[in-house]
Amino acid sequence: RFGFKSRGLGDVYKRQLLDRETLSEQARLTGHSDDVTDVAWSPSGERIASSSVDGTLRVWSATSGQCLFVVATGEASPPFAFVPDRVSALVYRAGEELRLQDTFDRGPTALIGHAYYPYYLAYSSEGTLLASGTLESGGSSEVILWDPIEGSQLAAESHPVNELAFVHGDARLASEDSWLEVTSGTWSPRGSEAVENAGRRWSSNSVHSRDGSLHVSGVYREPGPITLSGAKEVEFEGSYWGAAFSPDDKRLALSGEEGVLEIWDLESITKVADLVGHTSHVYCVEFHPDGTRLASGGNDNRIILWDTAS
């Protein structure tokens with residue numbers, strides 16, 4: 001049901017250094033055999049993980065571009081997230097299970113408890129709590145709190161979910177319109193309070209800035225216009241698939257149809273760069289934790305790393 005291998009066991013690996021001055025590219029990472037649908041940097045910025053329609057997750061060195069590990073999950077475009085404060089540990093979905101791959105010299109730890117596919121996930125800031133939520137099925141949906149170190153359930157609640165994020169020093173878990181008090185297990189109305197420092201979540205059709213003052217909606221479901229809301233109200237006309245805020249919330253990267261990859265300045269709402277390199281649709285984009293690099297992936301089966309320091 002799962003497998004993993006290193007490059008030495010036959011992974012196809014190719015890295016090509018490119019002229020940063022002409023294309024702003026640093027490297028191309030190839031190995032996936034189908035669309036790349038998600039990319040993420042590890043918290044330290046030392047690793048990149050990618051998800052593909054080919055049913056695999058790949059972990060890459062952000063320095064050498066080498067593919068370090070491949071995890072075969074058995075489903076197309078498996079969702080995943082890096083574990084905070086660890087170099088390469090991942091949690092990912094395989095069918096109705098969540099799995100924690102802490103090291104790649106043995107099999108993963110299965111987190112069993114959901115009766116339906118988990119679609120939403122959030123880590124607490126120190127990685128000591130994991131929350132997962134399902135889409136509504138049969139009239140109900142659920143949220144489970146986990147101890148990801150032990151792989152055990154701490155609490156399970158039936159509650160409507162369409163996003164999850166730990167906030168307020170990890171004391172609360174935010175869903176679309178409610179708060180879960182982590183210690184007491186009680187829900188209360190969220191009101192209009194912004195979700196700050198939400199971190200990485202699965203399958204949400206919105207992306208939040210770090211300070212919670214801005215969010216982008218209209219991404220990931222199907223290509224179309226992107227709407228920026230909150231402290232600024234802007235609609236970006238185009239056929240976009242993905243979006244990402246820079247760590248300082250000053251820039252917005254947008255990815256879209258036919259190789260479109262753009263960087264916008266959010267103070268002036270002006271486009272400051274067109275990044276040309278993908279040969280087809282660009283489905284995903286993510287800034288490095290220090291904002292100096294960008295990773296993108298798409299329909300051409302490749303991941304491109306970009307120099308965004310300038």
Side-chain angles (χ1 to χ4, degrees), residues 11 13-16 18 24-71 73 75-84 87-93 101 121 123 199-205 207 216 219-220 223 240-247 251-257 259-263 275 277-308:
D11 179 33
Y13 161 70
K14 176 184 177 184
R15 178 174 180 264
Q16 181 181 0
L18 300 170
S24 297
E25 293 188 21
Q26 291 185 325
R28 295 186 183 186
L29 314 180
T30 61
H32 283 297
S33 60
D34 212 325
D35 299 359
V36 177
T37 53
D38 199 4
V39 291
W41 298 86
S42 66
S44 67
E46 299 175 20
R47 301 283 187 267
I48 301 165
S50 57
S51 174
S52 171
V53 176
D54 66 14
T56 67
L57 296 172
R58 290 174 181 257
V59 179
W60 313 78
S61 166
T63 303
S64 69
Q66 180 179 354
C67 183
L68 303 174
F69 305 103
V70 180
V71 181
T73 68
E75 68 170 298
S77 303
F80 68 92
F82 275 106
V83 180
V87 174
S88 296
L90 289 170
V91 62
Y92 63 92
R93 190 184 75 202
Q101 189 81 55
L121 175 142
Y123 264 105
R200 184 174 178 76
R201 291 161 288 166
W202 292 345
S203 300
S204 172
N205 65 347
V207 178
V216 166
V219 297
Y220 305 127
Y240 296 108
W241 281 99
F245 287 98
S246 62
R251 293 171 293 170
L252 179 68
L254 299 177
S255 64
E257 299 277 90
V260 167
L261 187 58
E262 305 167 349
I263 297 180
L275 305 181
H278 284 285
T279 59
S280 189
H281 311 321
V282 188
Y283 295 131
C284 51
V285 61
E286 191 81 11
F287 276 97
H288 185 279
D290 69 8
T292 62
R293 305 173 79 187
L294 191 75
S296 59
N299 185 237
D300 54 10
N301 305 349
R302 69 182 61 163
I303 299 139
I304 300 182
L305 307 185
W306 307 87
D307 174 18
T308 59

Are any side-chain N or O atoms of [X] and backbone N or O atoms of [Y], one a donor and one an acceptor, separated by less than 3.5 Å?
{"X": "Arg58", "Y": "Ser52", "result": "no"}
{"X": "Thr308", "Y": "Thr292", "result": "yes"}
{"X": "Arg47", "Y": "Phe82", "result": "no"}
{"X": "Ser51", "Y": "Pro78", "result": "yes"}

Return the minimal non-hydrogen interatomic distance between [X] and [Y], and the atom names on each side.
{"X": "Phe245", "Y": "Val216", "answer": "CZ-CG2, 3.8 Å"}
{"X": "Ile303", "Y": "Val39", "answer": "CG1-CG1, 4.1 Å"}
{"X": "Pro289", "Y": "Pro247", "answer": "O-CG, 3.2 Å"}
{"X": "Leu254", "Y": "Ala243", "answer": "CD2-CB, 3.7 Å"}
{"X": "Ala253", "Y": "Phe287", "answer": "CB-CE1, 3.7 Å"}
{"X": "Ser255", "Y": "Leu261", "answer": "CB-CD1, 3.8 Å"}

Subject >> Non-hydrogen side-chain atoms of Leu305 and His288 separated by less than 4.5 Å >> reply: no

**OP:** Taking the side chain as every heavy atom from C-beta outward, state whether Thr73 and Arg93 have any pair of such atoms under 4.5 Å apart.
**Re:** no

Original post:
In terms of ring plane angle, is the pair Trp306 and His278 parallel, tilted or perpendicular, where the classes change at 30° and 60°?
Top reply: tilted

**OP:** Could you please spell out the steps behind the side-chain hydrogen bond (donor to acceptor under 3.5 Å, both in side chains) verdict for Thr37 and Asp35?
**Re:** CA-CA 6 Å; Thr37 53; Asp35 299 359; over 6 Å; no

